[in-house]
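So the structure is just underneath, and the comments pick up after that.
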Amino acid sequence: MSLKIQNSISGTKEVFQPIHEGRIGMYVCGPTVYSDVHIGNCRTFVSFDIIYRYLMYLGYKVRYVRNITDVGHLEGDADSNAEDKISKKARLEQIEPMEIVQRYSNGFHDIMRRFNTLEPSIEPRATGHILEQIEMVEEIIKRGYGYEANGSVYFDTNKLIQEADIYGKLSGRKVEDLLVETRDLKNQGEKRHPSDFAIWIKADERHLLRWNAPWSDGFPGWHLECSVMSTKYLGERFDIHGGGNDLKFPHHENEIAQNYGACGNTPANYWIHSNMLLLNGKKMSKSDGNNITPTELFTGDSDHISKAYSPMVLRFFFLQAHYGSTLDLNDTSLQAAEKGYQRLMEAYKTLLELSSANPKSDSPVAIEIEQTIQAAVEEMNDDFNTPKALARLFELIPTINKLSDGQLNVDDAGQYALDLAKKGFEDLLFVVFGLKKETEDHNGHMDQLDGLMKLVIDMRQQARENKDWPTSDKIRDTLNEIKIDLKDGKDGTSWALKA
RNA sequence: GGUCGGGUGGCCGAGCGGCUAGGCAGAGGUCUGCAAAACCUCGUACAGCGGUUCGAAUCCGCUUCCGACCUCCA
């Protein structure tokens with residue numbers, strides 16, 4: 001089965017066909033760096049990280065471009081007297097806009113690293129492409145899709161609507177509605193139609209971020225950067241354009257308009273939109289306070305949650321829902337995800353310890369494993385269905401445990417079956433899902449800790465053999481207090497750090 | 001108000017015409033000095049009402065509730 005993708009522009013699931021055999025160009029709208037990322041942003045970027053990883057897993061050579069918006073994103077009503085978000089923050093804090101940009105870019109990257117997302121191939125910034133943006137504005141004007149008014153330049157949506165059946169398609173909007181928009185906005189006088197939008201904005205005195213352009217001392221409109229940077233690094237036509245659902249309108253709609261205005265064609269063949277992360281059943285948003293930051297989740301420092309959750313638990317939590325569905329974040333679901341994640345990783349560990357001298361490859365267990373792993377990959381082919389792929393892996397856990405505790409004979413299963421399972425788990429868990437073993441994060445002290453624990457367990461075992469229960473229980477209880485679990489099993493005692 | 005998307009077992013969440021995921025919680029069991037953990041086994045639910053069909057959670061209509069977009073947001 002071939003890869004199918006839900007294409008927002010057609011509203012249907014389509015078989016994926018790259019423009020150039022074996023290669024894929026993918027552009028994803030990145031963050032505006034005027035404040036800390038919130039966890040909703042993270043879900044989107046994790047979703048696209050998994051898509052990126054899976055495309056590479058399939059063997060494609062992927063150029064993944066994800067921008068950083070550091071100018072042009074306005075606060076409040078667009079096209080009015082609104083202020084650039086970064087410029088405003090800098091003015092309020094009395095520091096350079098680029099200090100704001102640096103601070104929050106760093107923060108964003110730190111969080112992305114903790115979520116174990118791969119870096120994009122190119123991470124271009126809007127301010128690094130002012131010249132190209134000015135050039136695109138000129139091109140849009142030259143081709144008749146833009147006009148100047150008082151030093152600002154607007155995109156003529158009406159002209160586009162008259163000439164091509166493009167505008168409004170992605171977001172399912174009716175052009176008549178767009179054209180007669182009656183909202184009471186300022187500066188509407190400069191625009192010919194309510195639906196027109198600024199591609200170059202004349203800066204007023206307050207603005208700190210400004211560049212000299214033919215029309216005014218100003219700055220580029222928010223949507224322009226993505227048109228410019230996707231075109232520059234991926235070409236006028238590329239394969240995949242992604243972003244959050246809330247960017248469909250007006251951002252992506254306007255982006256398409258600009259590309260058409262400047263290049264005469266729409267930019268991407270497949271548009272992928274990830275859905276919102278909800279908190280308390282409502283969309284999370286930086287601007288209305290209904291949010292929780294990744295850091296708060298990692299530390300547990302929030303009224304919304306009862307304890308801390310690690311980045312990988314969050315990642316697993318995201319994987320349990322399809323990227324195209326809304327997902328409600330709450331404490332009970334996170335606890336459930338944590339347990340599930342641990343059980344999955346525990347099964348993988350168990351799997352690693354299994355081996356057999358029998359190389360045979362046609363055992364029932366081998367067949368079961370092969371089919372299940374294959375099914376999991378097929379689920380990924382169906383529009384990156386991570387919850388289903390994950391479900392397939394969970395179905396193998398009882399088999400792994402039975403092989404481990406002897407309910408199933410390892411040699412009957414054979415080494416081939418074990419190798420299949422190991423390869424399958426590793427490919428899916430680490431390569432595609434981007435999960436990782438978190439215990440490895442403990443600064444390389446694990447060996448020492450492990451040695452120490454072996455000693456402690458050994459001493460407790462002696463106490464137990466002497467039926468010295470007070471001593472044995474004291475060791476167990478004290479370790480428990482410092483969040484180390486002792487697990488008495490059939491073949492001795494093992495230990496684990498508690499989450 | 002307009003447009004779009006949803007309401008699935010105690011909770012989260014897949015599926016989207018027949019084969020009735022998965023996780024968590026819960027119940028029973030194995031193991032254990034006790035306990036915990038772990039492991040094994042167990043769940044026929046699809047908002048309501050009509051309709052189409054041999055057959056509907058899945059298609060159609062109505063009702064109702066929720067959310068998103070329409071204004072800055074991933």
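The structure displayed is predicted, hence computed values, not measured ones. Chain letters run A, B, ... following the sequence lines, proteins first and then strands; every chain starts at 1.
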[X] near the nucleic acid: base, sugar-phosphate alone, or nothing, with a heavy-atom cut-off under 4.0 Å?
X         : value
Glu346(A) : nothing
Arg343(A) : sugar-phosphate
Arg464(A) : base
Gly40(A)  : base
Leu327(A) : sugar-phosphate
Leu277(A) : base
Leu390(A) : nothing
Gln407(A) : sugar-phosphate
Asp488(A) : base
Lys283(A) : base
His322(A) : sugar-phosphate
Asp328(A) : sugar-phosphate
Lys248(A) : nothing

Looking at [X] and [Y], does any basic side-chain N land under 4.0 Å from a carboxylate oxygen?
X         : Y         : value
Glu93(A)  : Lys89(A)  : yes
Glu253(A) : Lys248(A) : no
Asp450(A) : Lys454(A) : yes

Check every atom of [options] against the side chain of [X] and return the nucleotide holding the closest atom.
X         : options                : result
Asn330(A) : G13(B), C69(B), C12(B) : C12(B)
Met284(A) : A21(B), A74(B), C69(B) : A74(B)
Pro387(A) : G13(B), A68(B), C24(B) : G13(B)
Gln320(A) : G23(B), A25(B), C11(B) : G23(B)
Arg460(A) : G33(B), A21(B), A74(B) : G33(B)
Pro250(A) : C11(B), A36(B), C70(B) : C70(B)
Pro398(A) : C24(B), U41(B), A68(B) : U41(B)
Glu395(A) : A74(B), A36(B), A21(B) : A21(B)

Searching all strands shown, indicate the nucleotide that pairs with [N] (Watson-Crick or G-U wobble; both distances under 3.5 Å).
N      : result
A47(B) : U63(B)
U30(B) : A38(B)
G1(B)  : C70(B)
G17(B) : none
U53(B) : none

Taking every non-hydrogen atom, the tightest pair across Arg53(A) and Val432(A): CD-O, 3.2 Å
Looking only at atom [atom1], what distance separates [N] and [M], rounded to whole Å?
N      : M      : atom1 : answer
C49(B) : A57(B) : P     : 13 Å
A25(B) : G18(B) : P     : 31 Å
G9(B)  : C46(B) : C1'   : 9 Å
A47(B) : A38(B) : P     : 34 Å
C66(B) : C59(B) : P     : 23 Å
A56(B) : U44(B) : C1'   : 15 Å
C62(B) : C4(B)  : P     : 13 Å
U3(B)  : C16(B) : C1'   : 23 Å

Phosphate OP1/OP2 of G15(B): any Asn385(A) side-chain N/O under 4.0 Å: yes
Determine whether the aromatic ring centres of residues [Y] and [X] are separated by less than 6.0 angstrom.
X         : Y         : value
Phe433(A) : Phe425(A) : no
Tyr270(A) : His241(A) : no
Tyr348(A) : Phe430(A) : yes
Tyr341(A) : Phe317(A) : no

In whole angstroms, how far is the [atom2] atom of [N] from the [atom1] atom of [X]?
X         : N      : atom1 : atom2 : result
Lys402(A) : A38(B) : NZ    : C1'   : 15 Å
Asp383(A) : C16(B) : CG    : P     : 11 Å
Gln462(A) : G33(B) : CD    : P     : 17 Å
Leu329(A) : A74(B) : CG    : P     : 18 Å
Lys388(A) : G23(B) : NZ    : P     : 15 Å
Phe318(A) : G22(B) : CZ    : P     : 24 Å
Leu396(A) : C40(B) : CG    : C1'   : 16 Å
Tyr104(A) : A74(B) : OH    : C1'   : 18 Å

Ignoring hydrogens and angles, are the base of [N] and the side chain of [X] linked by a donor-acceptor pair under 3.5 Å?
X         : N      : value
Ser333(A) : G23(B) : no
Arg476(A) : A35(B) : yes
Asp473(A) : G33(B) : yes
Asn401(A) : A38(B) : no

RNA chain B: 5'-proximal contact among Ser325(A) and Tyr341(A) (nearest heavy atom): Ser325(A)
5′-ward residue of the pair Met276(A)/Ala337(A) relative to RNA chain B: Ala337(A)
No-hydrogen, no-angle side-chain donor-acceptor test under 3.5 Å, Ser404(A) and Glu353(A): no
Per-pair stack call Phe394(A) and G23(B), 5.5 Å, 30°: no
Spatial distance of atom CE (Met453(A)) from atom CD1 (Ile484(A)) [nearest 0.5 Å]: 5.0 Å
